[in-house]
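Notes follow once the structure below has been shown.
Letters go in sequence order (proteins before strands), and every chain restarts at 1. Both backbone and side-chain heavy atoms feed into the values below; hydrogens, waters and symmetry mates do not.
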Amino acid sequence: MSNMTEVKIIFTGTMGAGKTTAINAISEIKTISTEAVATDETAQRKETTTVGMDYGEVTVDEGLVLRLYGTPGQRRFRHMWEILAKGALGFVILVDNARPAPLEDLSIYLDNFKNHIAASAAVIGVTRTDVSAQPDIDAYYQYLAEREEMHPVMTVDVRRREDVLMLLDSLLLSREFE
Amino acid sequence: MNISDGASPVEKLKAAQEKQQVEKALQRLLDMCAGATGALVATADGFVVARVFKQDIAEKSLAAITSSVMSLAEALVNETGQGPCQNLIVEGQEGHVVSLRINHTRVLTAMATRNTRLGMLLSAAKVCAEQLASTLGEK
């Protein structure tokens, strides 16, 4: 086991975008989750929301284990954002395209994790494009260009293992892990 | 943001009623434990329900952190096979903080000065949580 490398990856993004679901879809271990009954606007879509963190693990290559941490989505839990982001080598930002202003939602996480992302890498996964096709991928790239940032953007169904692994692949490609 | 934001009139009335009941219970907690400096009840997803503090406190942050640490403490006892979690005790250099679950959707956090006996704070908090559980029910 001496040549095993473990890398910390953060799943963050809009509440209800599917962070917990994504980690559950790929984890090889029984995931740890911290769900509470939702009383905010999340409750309209699902009964529970993450208030602490999610944790799972997946081996992507022989010798490369990704430790997957999911953050709560709501801004009131930004104390957890800071705690979890420490030492992370990549960020998966999930955006719910069916919400009123997905690009503004995205900016919350790009802004908050700005320094962490600058020192590592990020990939953006757009979910629920079946409910709302706009903004499309081009709009996301244009928005990132305006911010002078370059991250891969792709549509995903977070319930599908292969979709989530594809996100992680492109994240790993945009950064060389030692 | 408060728990009653965007709620219907009936929900707002219920929230106001609950706030009053909880404030009374929290005041009893502070009366029961002389060294207690404050107590707060939060929803399990991090909103303030009610609070009674002897000094100013960032109540919204405290409510959100209360729900986070309670959920993490529960994950910790479950993972180590010590569950279910009965309470969470944190001893700081300047004082103690304890958190307990009241029911499925409400969490209590209480704090006291360092000179307070931890057992006093914990038992006052337990009594308070039990009273509130019977007042508020198992929601």
Side-chain angles (χ1 to χ4, degrees), chain A residues 8 10-12 14-17 19-20 23-24 27-57 67-86 99-101 104-105 108 112, chain B residues 1-8 11-12 14-15 18-19 40-50 58-85 88 90 97 99 101-109 136-139:
Chain A
K8 181 177 182 179
I10 302 295
F11 281 70
T12 191
T14 328
M15 61 180 180
K19 301 176 288 291
T20 303
I23 291 176
N24 277 324
S27 180
E28 294 155 354
I29 63 162
K30 187 176 155 288
T31 53
I32 294 171
S33 64
T34 57
E35 302 274 303
V37 176
T39 62
D40 59 13
E41 53 179 310
T42 317
Q44 295 163 5
R45 281 201 44 226
K46 51 174 198 162
E47 284 181 5
T48 63
T49 192
T50 299
V51 297
M53 65 176 214
D54 299 306
Y55 180 76
E57 287 174 8
R67 298 165 61 203
L68 315 166
Y69 289 77
T71 74
Q74 299 90 334
R75 202 195 288 261
R76 67 179 180 279
F77 292 114
R78 56 189 177 276
H79 55 275
M80 289 306 304
W81 296 358
E82 273 316 300
I83 292 168
L84 294 172
K86 276 182 197 139
R99 276 173 47 91
E104 278 174 39
D105 288 344
I108 293 173
N112 185 79
Chain B
M1 212 170 163
N2 279 306
I3 181 179
S4 55
D5 284 355
S8 71
E11 283 167 336
K12 279 185 179 162
K14 275 189 191 164
E18 180 181 356
K19 181 168 185 268
L40 168 142
V41 168
T43 63
D45 67 337
F47 290 104
V48 180
V49 175
E59 59 177 44
K60 286 175 188 170
S61 310
L62 182 61
I65 291 172
T66 288
S67 71
S68 294
V69 295
M70 198 68 225
S71 72
L72 291 168
E74 286 171 349
L76 181 64
V77 286
N78 288 337
E79 280 305 303
T80 50
Q82 314 297 322
C85 181
L88 168 68
V90 183
V97 186
S99 294
R101 189 171 283 279
I102 293 166
N103 58 27
H104 200 43
T105 60
R106 297 290 183 269
V107 185
L108 166 70
T109 285
L136 304 176
E138 282 297 315
K139 48 178 150 183

Separation of Phe47(B) CZ from Thr39(A) OG1 (nearest 0.5 Å): 5.0 Å

For [X], does the [atom1] atom have more than 12 heavy-atom neighbours from other residues, nucleotides or ligands under 6.0 Å away?
| X | atom1 | value |
| --- | --- | --- |
| Lys14(B) | NZ | no |
| Glu28(A) | CD | yes |
| Lys19(B) | NZ | no |

Does Ser67(B) use its side chain to pair, donor to acceptor, with the backbone of Val51(A) at less than 3.5 Å? no

For Asp45(B) and Ala36(A), indicate whether the former's side chain and the latter's backbone hold a donor-acceptor pair under 3.5 Å. no

Quick check: closest heavy atoms across Thr34(A) and Ser71(B), and the distance to 0.1 Å? CB-OG, 3.3 Å

Can you sort out the partners of Arg101(B) under salt bridge (Lys or Arg N to Asp or Glu O under 4.0 Å), two or more places apart, ordered by chain and number? Glu74(B)

Do Leu72(B) and Met80(A) make a side-chain contact, defined as non-hydrogen atoms from C-beta onward lying under 4.5 Å apart? yes

Do His79(A) and Ser68(B) have side chains that approach each other closer than 4.5 Å (heavy atoms only, starting at C-beta)? yes

Please, which pairs that meet ring pair (Phe, Tyr, Trp, His ring centres under 6.0 Å) have at least one residue in residues 35-55 of chain A, sequence neighbours excluded? Tyr55(A)-Tyr69(A)

